[in-house]
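Structure, as structure tokens:
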Amino acid sequence: MSFRIDPRLPLTREVRRILAEEVGKALAHLDAARDNPEKALHKCRKRLKNARALLRLVRSGDETFCKTENECYRHVSALLAGPREATALIETIDRLATSFPEQTAGGGLDPVRDRLVVRQHEMHAGAGLDAAIGAATTACAEGLGHIDRLVLPDQPEQAADILADGARTSLRRARKALDKAGSRGAADDFHDLRKAAKTHSMHLSLLGRLWPTPIKARRKAVDELGERLGDLHDVFVMRALLDTDGEPLGSPEDTKLLAKLLKRSEKSLKKTCLADAAELFGDSPKRSTKKLARKVRDDLAGAAQEDAGLPVAS
């Protein structure tokens with residue numbers, strides 16, 4: 001089955017199906033994480049983000065359920081953030097080496113990378129990872145058992161309003177984060193923009209049969225923005241580590257080149273991300289989702305009429 005709402009089926013059934021699939025896949029990745037934490041933890045957190053985006057999309061239809069389950073999966077994702085971050089920092093060093101080949105040709109980033117690899121191995125080999133995986137597994141298994149408690153309006157007009165409201169809320173969050181990132185430029189502002197862009201991308205997938213065309217070009221642009229914002233987030237994390245007491249990344253001599261390249265990378269990524277986000281989220285969220293609400297209502301109503309054997313208006 002797919003990560004996409006089928007307008008021909010009742011909304012409650014579709015959301016339960018997708019939620020069960022995503023949480024079930026997260027559980028499978030958690031099981032694999034004991035032997036292969038680098039890849040499996042990343043895949044697990046992606047499934048949890050999918051589940052949370054789905055819950056945000058339909059939150060107005062069952063506020064209590066969606067809020068409670070979203071908090072649960074947010075907590076699970078946080079349990080796994082540290083081990084995943086350890087891998088992401090190594091990937092950041094590798095991206096810097098690729099982006100600045102002349103400056104890094106002499107191996108100036110090697111001492112830092114070696115420290116990060118040791119840090120990653122220690123984190124993955126410790127008892128803390130097993131405990132985190134165990135707690136995450138228990139929480140996800142309990143979440144699977146809660147899914148039947150979700151009840152949404154299945155009438156076409158009400159279902160359409162729920163989906164449009166969720167998409168609109170996501171776009172409002174993105175617009176607000178864009179404004180803050182442009183005016184203040186703090187790490188938290190860009191992190192909020194990244195989360196909003198990722199949620200919007202997942203909503204585009206979920207509403208792939210309902211979102212007004214063209215959707216493929218927008219989805220591609222949003223995904224590319226999300227990747228660049230992810231790279232920027234890793235740069236912020238690395239710079240914060242440089243300022244941490246105890247020199248976890250090495251001596252000032254070992255990290256001199258890294259600090260310089262991080263500063264250059266941050267400046268470039270900020271500029272590109274703000275320009276791309278303005279193209280995607282600069283429009284009014286209400287105007288952006290007005291067509292969506294109308295199309296969702298028409299498509300859901302048409303599907304209901306087909307099921308009832310009634311003629312569909314053209």
Side-chain angles (χ1 to χ4, degrees), residues 3 19-55 69-98 109-145 187 191 194-195 198-199 201-202 223 226-242 244 246-250 255 258 262:
F3 186 69
L19 188 57
E21 289 176 359
E22 295 303 311
V23 177
K25 289 173 182 176
L27 279 167
H29 293 314
L30 283 170
D31 186 52
R34 299 186 188 277
D35 297 322
N36 186 12
E38 291 182 33
K39 293 183 179 180
L41 290 177
H42 182 50
K43 291 180 178 179
C44 174
R45 295 184 81 235
K46 287 179 68 174
R47 293 298 178 182
L48 294 174
K49 288 176 182 178
N50 284 352
R52 295 182 65 203
L54 174 63
L55 291 167
E69 296 305 298
N70 182 53
E71 282 299 308
C72 170
Y73 298 127
R74 184 189 67 80
H75 176 66
V76 172
S77 190
L79 287 174
L80 308 173
R84 168 54 197 161
E85 181 185 280
T87 301
L89 292 179
I90 297 172
E91 294 170 352
T92 301
I93 293 291
D94 293 341
R95 280 196 300 271
L96 289 173
T98 300
L109 296 180
D110 290 350
V112 177
R113 193 183 192 284
D114 291 342
R115 281 177 174 260
L116 288 172
V117 170
V118 171
R119 181 173 178 265
Q120 179 200 47
H121 289 168
E122 290 175 348
M123 192 168 289
H124 287 176
L129 179 59
D130 281 340
I133 291 174
T137 299
T138 298
C140 287
E142 290 177 354
L144 274 180
H191 186 50
R194 178 197 179 198
K195 290 188 293 184
K198 289 285 188 180
T199 298
S201 173
M202 296 168 203
D223 285 346
E227 289 300 315
R228 281 190 286 271
L229 286 166
D231 293 346
L232 179 58
H233 173 72
D234 293 338
V235 167
F236 283 132
V237 172
M238 188 82 80
R239 291 196 69 180
L241 269 178
L242 280 177
T244 301
E247 300 178 353
L249 297 182
T255 58
L258 173 63
L262 286 173

Does this structure show an ion pair linking E71 with R52, if we count only N-O contacts that are shorter than 4.0 Å? no
Apply side chain to side chain contact (heavy atoms under 4.5 Å, CB included) to R34 and D130, showing your working. CA-CA 7 Å; R34 299 186 188 277; D130 281 340; 3.5 Å; yes
So OG1 of T92 and CG of L258: to nearest 0.5 Å the spacing works out to 9.5 Å
Pair K39 + E91: basic N to acidic O under 4.0 Å: no
Not counting sequence neighbours, which residues clear salt bridge (Lys or Arg N to Asp or Glu O under 4.0 Å) with D94? List them please. R113
Euclidean distance, R95 CZ relative to D234 CG, rounded to 0.5 Å: 5.0 Å
Would you mind reporting whether N50 and R47 have side-chain heavy atoms less than 4.5 Å apart? yes
All heavy atoms of L80 vs all of A136, minimum pair found to be CD2-CB, 4.3 Å
Hey, does R115 have a side-chain heavy atom less than 4.5 Å from the side chain of P248? no
Closest heavy-atom pair, A51 versus L19, reported as atoms and distance to 0.1 Å, is CB-CD1, 3.8 Å
Work out which heavy atom in M202 is nearest to a heavy atom in A53; give both atom names and the distance. SD-CB, 3.4 Å
Min side-chain heavy-atom separation C44-V76 under 4.5 Å: no
Set of residues satisfying side chain to side chain contact (heavy atoms under 4.5 Å, CB included) with respect to T137, sequence neighbours excluded: L27, L30, I133
Please report the closest heavy-atom contact between R45 and A81, naming both atoms and the distance. NH2-CB, 3.8 Å
Smallest heavy-atom separation, Y73 atom then L144 atom, equals OH-N, 4.2 Å
Salt-bridge test for R119 and E122: reply yes if a basic N is under 4.0 Å from a carboxylate O, no otherwise. no
Tightest non-hydrogen contact, residues F236 and A187, listed as CG-CB, 3.6 Å
If I take atom NZ from residue K25 and atom NZ from residue K46, how far apart are they, to the nearest 0.5 angstrom? 11.5 Å
Close side-chain approach of L241 and L89, heavy atoms under 4.5 Å: yes
Please examine the side chains of L54 and E22, heavy atoms only from C-beta on, and report whether any two atoms are closer than 4.5 Å. no
All ring-ring contact (aromatic ring centres under 6.0 Å, His included) counterparts of H29, not counting sequence neighbours: none
Gap between atom CG of L79 and atom CG of L129 - 0.5 Å precision: 11.0 Å
Could you tell me if the side chain of E85 sits less than 4.5 Å from the side chain of M123, heavy atoms only? no
If you round to the nearest 0.5 Å, how far is CZ of R84 from OG of S77? 11.0 Å
Per the side-chain contact (heavy atoms from CB on, under 4.5 Å) rule, which among L96, L249, T255 passes with M238? L249
Gap separating the CD atom of E38 from the OG1 atom of T87, nearest 0.5 angstrom: 4.5 Å
